Amino acid sequence: MLQTLPKTTNSADGPTHAERLLAWYDRHHRELPWRISPTAAKAGIRPDPYRIWLSEVMLQQTTVQAVKPYFAKFLERWPKVTDLAAAPSDDVMAAWAGLGYYARARNLKKCAEAVAADHGGVFPDTEKGLRALPGIGDYTSAAVAAIAFNRQSAVMDGNVERVISRLYAIDAPLPGSKPVMKAKVVELTPSDRPGDFAQAMMDLGATICTPKRPACALCPFRDDCLALAGDDPERFPVKAAKKEKPVRQGAAFVAVTPDGEVLLRKRIETGLLGGMTEVPTTAWTARLDGGTTIDHAPIPSADWQACGTVIHVFTHFELRLAIFRARVTRVAVDNGWWEPVESLENQALPTVMKKAIVQAIPLAFAKAPN
DNA sequence: TAAGCGTGGTC
DNA sequence: TGACCAAGCTT
């Protein structure tokens with residue numbers, strides 16, 4: 001079978017990779033809330049660095065679809081980075097609830113405060129300056145520098161890794177192969193429109209060079225792709241084997257007063273679900289210490305009723321949470337508070353906690369009929 | 001360097 | 001239907 005000879009990166013006899021990719025990008029522009037229109041871009045308008053940063057942090061390990069409503073909510077509530085810097089942390093955590101990876105929200109607030117206090121409310125316009133801020137790593141610093149400030153920064157995320165690993169048929173497994181791939185991205189990134197190039201690489205990975213069943217026939221790199229020439233693009237990127245997920249077990253306690261208030265408390269600032277709101281729970285351990293569960297209830301004298309199990313899968317373990325509920329009189333509590341069921345939606349409750357509460361109170365979080 | 005860190009969509 | 005995985009960062 002006749003194969004097309006791969007072109008070099010900047011072959012003299014045709015457009016470069018970057019030129020072909022940008023031509024594809026101009027034909028397939030995706031409208032996204034944090035992007036500016038191609039017309040505005042052509043007129044030399046730059047996007048708002050605050051919006052680019054906010055969207056990039058939200059998009060870390062998170063799909064565009066999941067981010068959209070959160071991005072709209074944050075932008076409406078805190079239109080500028082100085083607004084976010086001045087906001088109460090609890091409000092920010094509550095607004096982030098449900099999006100996951102809550103360290104991002106804690107760092108988002110810290111970063112906004114640093115920009116407001118140390119940079120006069122203006123984002124640094126270099127990769128290095130951005131990289132020094134909380135929650136901004138290799139990817140985000142390069143992405144904001146390129147997209148918001150037109151810097152020639154090499155942007156590599158999961159999409160770009162997939163595109164590069166296929167284009168060059170890189171057999172070495174991730175994450176060890178990252179430096180090799182990064183060098184390729186550096187080589188490809190143009191001085192003209194580096195931000196569009198970065199977004200184009202990510203769009204290509206998201207829409208054409210997909211993990212399963214890539215649409216190679218539509219790819220601007222189809223004549224150069226070594227993985228396609230080798231007839232098995234899906235084989236890339238090669239990844240290190242992942243560990244199996246352990247199971248942890250615990251119990252959660254939903255105490256309800258006759259007035260319809262639920263006992264809540266705040267988790268410690270660090271670690272899993274750090275700084276978020278929860279209903280009281282036991283520790284989550286490999287084995288349930290059978291028989292003594294109720295002894296760990298916040299109000300041990302209450303009449304606790306088992307009402308089912310919630311299974312929730314975190315990144316590195318599966319949680320089986322036995323749910324107990326009790327009708328209790330409103331008593332003073334050391335490290336918690338009583339929250340009306342109707343206002344639970346304003347709390348910084350992660351999804352697993354909402355599931356626990358709904359298991360005990362099926363009508364919680366139900367929209368009131370009008 | 002490897003492990004810890006959420007959630008929802010997809011096939 | 002369960003395994004995979006999405007615009008990663010921190011320690």
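Because the structure is predicted, anything quoted here is derived from the model rather than measured. Here is the naming used below: chain letters follow the sequence lines, and residue numbers restart at 1 for every chain.
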- Per-nt protein contacts along nucleotides 4-11 of chain B (heavy atom under 4.0 Å; B base, S backbone sugar-phosphate only, - none) come out as SBBBS---

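With A:T140 contributing its side chain and A:G137 its backbone, the two residues share no donor-acceptor pair below 3.5 Å. Judged by distance alone, the side chain of A:D91 and the main-chain N or O of A:A87 form no donor-acceptor pair under 3.5 Å. Between the A:Q152 side chain and the A:T189 main chain, a donor and an acceptor come within less than 3.5 Å of each other.
Every residue meeting the side chain to side chain donor-acceptor pair (under 3.5 Å) condition with A:Q199, not counting sequence neighbours, appears here in chain and number order: A:R35. With sequence neighbours excluded, the residues that form a side chain to side chain donor-acceptor pair (under 3.5 Å) with A:E127 are A:S153. Not a single side chain to side chain donor-acceptor pair (under 3.5 Å) links A:Q359 to another residue, sequence neighbours left out.
For A:R166 and A:F236, the positive end is not near the middle of the six-membered ring at less than 6.0 Å and at most 45° from its axis. Judged by the 6.0 Å and 45° rule, A:R193 forms no cation-pi pair with A:W24. Annotation: cation-pi pair A:K354/A:F365 present, NZ/CZ under 6.0 Å from the ring centroid and within 45° of its normal.
At the heavy-atom level, A:S55 lies nowhere under 4.0 Å from the strands shown. A:W34 comes within 4.0 angstrom of a base, heavy atoms only. Among the protein residues, A:L32 comes within range of the nucleic acid bases, having at least one heavy atom under 4.0 Å from a base atom.
The outermost nucleotides of DNA chain C lying under 4.0 Å from heavy atoms of chain A, listed 5' to 3', are C:dC5 to C:dT10.
Annotation: C:dA6 and B:dG6 have their C1' atoms spaced 12 Å apart (nearest Å). Of the C1' atoms belonging to C:dT1 and C:dC5, the separation is 16 Å, rounded to the nearest Å. Straight-line distance between the C1' atoms of C:dC9 and B:dT1: roughly 15 Å, to the nearest whole Å.
Looking at which nucleotide of DNA chain C each of A:V64 and A:P134 is closest to, the 5′-most match is held by A:V64. When the nearest nucleotides of DNA chain C are assigned to A:S141 and A:P211 by heavy-atom distance, the more 5′-ward of the two goes with A:P211.
Between the side chains of A:S343 and A:E339, at least one donor-acceptor pair of N or O atoms lies under 3.5 Å.
Hydrophobic clustering places A:F317 together with A:V352 (ILVMFWY residues linked when any side-chain heavy atoms are closer than 4.5 Å, directly or through intermediates).
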- Any chance you could encode DNA chain C as dot-bracket? Rule is Watson-Crick or G-U wobble with both distances under 3.5 Å; [ ] for pairs crossing earlier ones, | for another strand. .|||||.||||

